[in-house]
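Notes for the one structure printed next.
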Amino acid sequence: MRIIETVKEMQGVADELRKDRKIGLVPTMGYLHEGHIALVKKAREISDVVAVSIFVNPTQFGPSEDLARYPRDFERDRGLLEREKTDIIFFPDVKEMYPERYSTYIQVRELENHLCGKTRTGHFIGVATVVSKLFNIVKPHFAVFGQKDYQQLKIIERMVRDLNMDLKVVPYPTVREPDGLAMSSRNTYLSPAEREKALLIYASMKKVEALFKAGQRDVSVLREEVKQVLSSEEGVQIEYITISDAETLVEIDRIENKAVLAIACRVGKTRLIDNTILTEA
Ligand code: AMP
């Protein structure tokens, strides 16, 4: 396994590899869990060379967000990736990615105006910017992204399409703990009591899935269910509960086509997101 810290070296290696091999990239912010590892396994399945980037990207954090305390443990990540036979870890520092006078940002309009984009101003500009940089540096044929961050996935797909980027975005379903909690590096912030409360998110989604299956298409009814479940205990602060068109992310009143139920809330101080697709197919 090769650990590469500079853009120049990474681009050189990528050029060499691309002569006869397919590169799969899994962009991450590190502190890896089984969700990330599932993405790595997927990349392994579809490509000859697997690269994982580890970079806690400052431009996607707001001024009052958790950039400084975001969990980091490179040695642990390295061990996990070694076990998966990862070929390359791209591990740049902030100066390498954003040198002096850095001034170029990518904005994916419309899609950024919904869900997390409403409260996390500029977040998706940071995401689109760093991901397009990673694409230019690692030069992958495939890039695997989790559906756990549904809006991020849709934004990256749109960016790749709009800017004619020559790679395929490969979505991967959300990996959950045995009790249903979506895996997240931020779960480490939760106290045992908070972790218990966080399960309400999954419980509320299951409830909506069951109602949907039974024929309920009225969004206000379905959203109210989520609200009831999340409010059933103290300490879960709802940021949003939305049911939107799964492609445009525009909120809808009735489910006619493929829709996504997306939830963001705070459990204690920890912000958690989750989502599920509601579709007849
Ligand atoms: P992060 O390190 O949180 O930026 O995530 C890196 C990648 O892993 C993104 O594509 C995420 O969507 C994906 N990811 C994070 N958590 C999960 C999960 N529980 N299941 C599947 N993919 C995930």
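Remember, it's 1-based here, ligands and their atoms both numbered in the order they're listed.
Backbone and side-chain nitrogen or oxygen atoms of F145 are examined, and none is located within less than 3.5 angstrom of a nitrogen or oxygen of ligand 1. Note: no N/O pair closer than 3.5 Å links S185 and ligand 1 by distance alone. Looking at ligand 1, you'll find an N or O of G146 within less than 3.5 Å of one of its N or O atoms. Here's the thing with H36: one of its N/O atoms is less than 3.5 angstrom from an N/O atom of ligand 1.
Of the listed residues (I156, D149, I37), the one carrying the non-hydrogen atom nearest atom 11 (C) of ligand 1 is D149.
Between the side chains of T248 and E110, no donor N or O sits under 3.5 Å from an acceptor N or O. Judged by distance alone, the side chains of E96 and T6 never bring a donor and an acceptor atom under 3.5 Å apart.
Two residues are said to be in side-chain contact when any heavy atoms from C-beta on lie closer than 4.5 Å; S185 and H36 meet this criterion.
Interface of P27 with ligand 1, defined as ligand atoms under 4.0 Å from a residue heavy atom, comprises 6 (C), 7 (C). Every atom of ligand 1 with a heavy atom of K148 under 4.0 Å away is listed here by number and element: 16 (N), 17 (C), 18 (C). Atoms of ligand 1 lying under 4.0 Å from at least one heavy atom of M183, given by number and element, are 16 (N), 17 (C), 18 (C), 19 (N). Near T174, meaning under 4.0 Å from any of its heavy atoms, are these atoms of ligand 1: 20 (N), 21 (C).
Ligand 1 is approached by H33 to a heavy-atom distance shorter than 4.0 Å. Under a 4.0 angstrom heavy-atom cut-off, A38 registers as lying outside contact with ligand 1.
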*Report the C-alpha separation of F145 and Y172 in whole Å, then their side-chain angles, then the decisive distance to 0.1 Å, and conclude whether the ring-ring contact (aromatic ring centres under 6.0 Å, His included) test is met.*
CA-CA 6 Å; F145 288 87; Y172 194 86; over 10 Å; no
*Passes ring-ring contact (aromatic ring centres under 6.0 Å, His included), Y105 versus Y102? Steps please.*
CA-CA 9 Å; Y105 292 89; Y102 186 88; 5.5 Å; yes
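Regarding atom 9 (C) of ligand 1, its nearest protein heavy-atom neighbour is Q152 NE2, 3.8 Å. What sits closest to atom 13 (C) of ligand 1 on the protein, heavy atoms only, is L39 CD2, 3.6 Å. Of the protein's non-hydrogen atoms, M29 CG, 3.5 Å is the one closest to atom 4 (O) of ligand 1. Closest to atom 20 (N) of ligand 1 among all protein heavy atoms lies V175 N, 2.8 Å.
For the residue pair L111 and Q151, the shortest heavy atom distance occurs at O-NE2, 2.8 Å.
At a 4.0 Å heavy-atom cut-off, ligand 1 touches P173 through the backbone alone.
Seen from the ring of Y202, R176 does not count as a face-on cation partner, given the 6.0 Å and 45° thresholds. The side-chain tip of R69 points at the ring of Y189 from less than 6.0 angstrom away and within 45° of straight on. Under a cutoff of 6.0 Å and an axis angle of 45°, R72 and Y31 do not form a cation-pi pair.
For the side-chain contact (heavy atoms from CB on, under 4.5 Å) with L17, the qualifying choice from V138, I88, D48 is I88, the only one to do so.
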